[in-house]
> 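Handing you this structure, nothing more for now.
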Amino acid sequence: MITILIPCFNEEKVIGHNIQKIHNFFENKKYIFELVVINNASTDNTLKVLKEINKAYEIRILNENKKGKGNAIKLGLLNSKYDNVLILDADLSTDINELKDDWLKLENSLLIGSRVLGEEIDTPKIRRLSGFILNYIIRLFFDIEFRDTQCGFKFIAYEDINSLANELSIEGFMYDLDLITLCKKMRLDVKEIPIRYVFNDNSSVSLLKDPAIMLFEMLKIRKKIKS
């Protein structure tokens, strides 16, 4: 049994096709699953597309009007039915086929998809450089060994997802670091696993404004750890 969480912000061009692909993947494997899509303050026709696709493929649509990937993921985790949760980017930059069957047997674990350990395709050099710098800062200030904390592909196996979700407090893109540090604090087994990642040029991450926000969120996480 597994919950698939997909946070969405302005994904009208890809979300319909990708939901169909994900749904068919789990149907073919005969998994018991739920597909939860969190519409995160989209300003395009994402919600309309979700309602249309829901007529053919059973999905749960949640609306999080407060913008921020962390807010969307937290809402999804709080509404997850199952102890196994897979978090995916809506553009499937990391494909659903990266999921391994034996992960469903895990307990008290967080698996972090890693582009550094795996394969990263078509990512512009400036984004690779900014990602390298960000990860260096994270490893320096948080004493963690992971080479890629920010990949959107993550798998959680935990018997009390709600209690974990309630402890998350970062609203934006640094939610990943919040999740990782929290899981380590709660003594989950946190591992980095290689994945294949294909860059999508519709990424909502801005190299101009987001670094300052990420730095602020990192300071909040550091303060949270020490409290």
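Excluded from the calculations below are hydrogen atoms, water molecules and symmetry mates; all remaining heavy atoms, backbone and side chain alike, are included. Just so it is clear, the model here is predicted, and its values are computed rather than measured.
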> Taking the side chain as everything from C-beta on, heavy atoms only, tell me whether I170 gets closer than 4.5 Å to K220.
yes
> Check whether any side-chain heavy atom of V36 lies under 4.5 Å from a side-chain heavy atom of I59, and answer yes or no.
no
> Can you find a heavy atom in the side chain of F33 that is under 4.5 Å from one in the side chain of H23?
yes
> May I ask whether I180 and V116 are part of the same hydrophobic cluster, defined by side-chain heavy atoms of I, L, V, M, F, W, Y residues being less than 4.5 angstrom apart, directly or through others?
no
> I need the single residue from Y57, Y31, Y82 that forms a ring-ring contact (aromatic ring centres under 6.0 Å, His included) with F26. Which is it?
Y31
> Looking at E171 and K66, does any basic side-chain N land under 4.0 Å from a carboxylate oxygen?
yes
> Considering non-hydrogen atoms only, spot the tightest contact between N18 and A90 and give its length.
ND2-O, 2.8 Å
> Do V37 and L5 have side-chain heavy atoms sitting under 4.5 Å apart?
no
> Among K125, R127, E120, which residue satisfies the side-chain hydrogen bond (donor to acceptor under 3.5 Å, both in side chains) criterion with T123?
E120
> Mind jotting down which residue pairs meet the ring-ring contact (aromatic ring centres under 6.0 Å, His included) criterion with at least one end in residues 89-121? Sequence neighbours excluded, please.
W103-F155
> Indicate the atoms forming the closest heavy-atom contact of M1 with L104, along with that distance.
O-CD2, 4.4 Å
> Below 4.0 angstrom, N of the basic side chain to O of the carboxylate: do D95 and R196 qualify?
no
> Find out whether I121 and E119 are in side-chain contact, i.e. whether some heavy atom of one side chain is under 4.5 Å from a heavy atom of the other.
yes
> Got a salt bridge between D101 and K29, using NZ or NE/NH1/NH2 to carboxylate O under 4.0 Å?
yes
> Indicate whether the side chain of K224 and that of S169 have a donor and an acceptor atom separated by less than 3.5 Å.
yes
> Are K21 and L92 side-chain neighbours, meaning at least one heavy-atom pair lies under 4.5 Å?
yes
> Do K191 and D189 come close enough that some side-chain heavy atom pair is under 4.5 Å?
yes
> With no hydrogens and no angle check, do the side chains of E11 and T46 hold a donor and an acceptor under 3.5 Å apart?
no
> If we check side chain to side chain contact (heavy atoms under 4.5 Å, CB included) with L35, which of these qualifies: I2, L88, N54, I4?
I4
> Given the rule in the side chain to side chain contact (heavy atoms under 4.5 Å, CB included) test, do I22 and I6 qualify, once you have shown the distances and angles that lead to the verdict?
CA-CA 10 Å; I22 295 166; I6 307 175; 3.4 Å; yes
> Is the shortest side-chain N to carboxylate O distance from K69 to D89 below 4.0 Å?
yes
> Does either side chain, that of T3 or that of N84, offer a donor lying less than 3.5 Å from an acceptor on the other one?
no
> Could you go step by step and tell me if E34 and R60 meet the salt bridge (Lys or Arg N to Asp or Glu O under 4.0 Å) rule?
CA-CA 8 Å; E34 63 166 349; R60 290 174 60 200; 2.6 Å; yes
> Any side-chain donor-acceptor pair under 3.5 Å between N39 and S42?
yes
> Could you point out which residue of I138, I112, N135 forms a side chain to side chain contact (heavy atoms under 4.5 Å, CB included) with Q150?
I138
> Within the 4.5 Å heavy-atom criterion, are E217 and Y175 side-chain neighbours or not?
no
> What do the steps show when you test C151 against I195 for side chain to side chain contact (heavy atoms under 4.5 Å, CB included), and what is the final call?
CA-CA 9 Å; C151 179; I195 51 89; 3.9 Å; yes
> In a check of side chain to side chain contact (heavy atoms under 4.5 Å, CB included) between L179 and each of L188, V190, L164, I73, which one passes?
L164
> Sequence neighbours left out, what passes side chain to side chain contact (heavy atoms under 4.5 Å, CB included) with K51? Give chain and number order.
L47, I61
> In plain terms, say whether K55 and E52 are close enough for a salt bridge, that is, a side-chain N and a carboxylate O under 4.0 Å apart.
yes
> Looking only at heavy atoms, what is the nearest atom pair of P194 and E98, with distance?
O-OE1, 4.1 Å
> What distance separates E192 CD from S114 OG, expressed to the nearest 0.5 Å?
3.5 Å
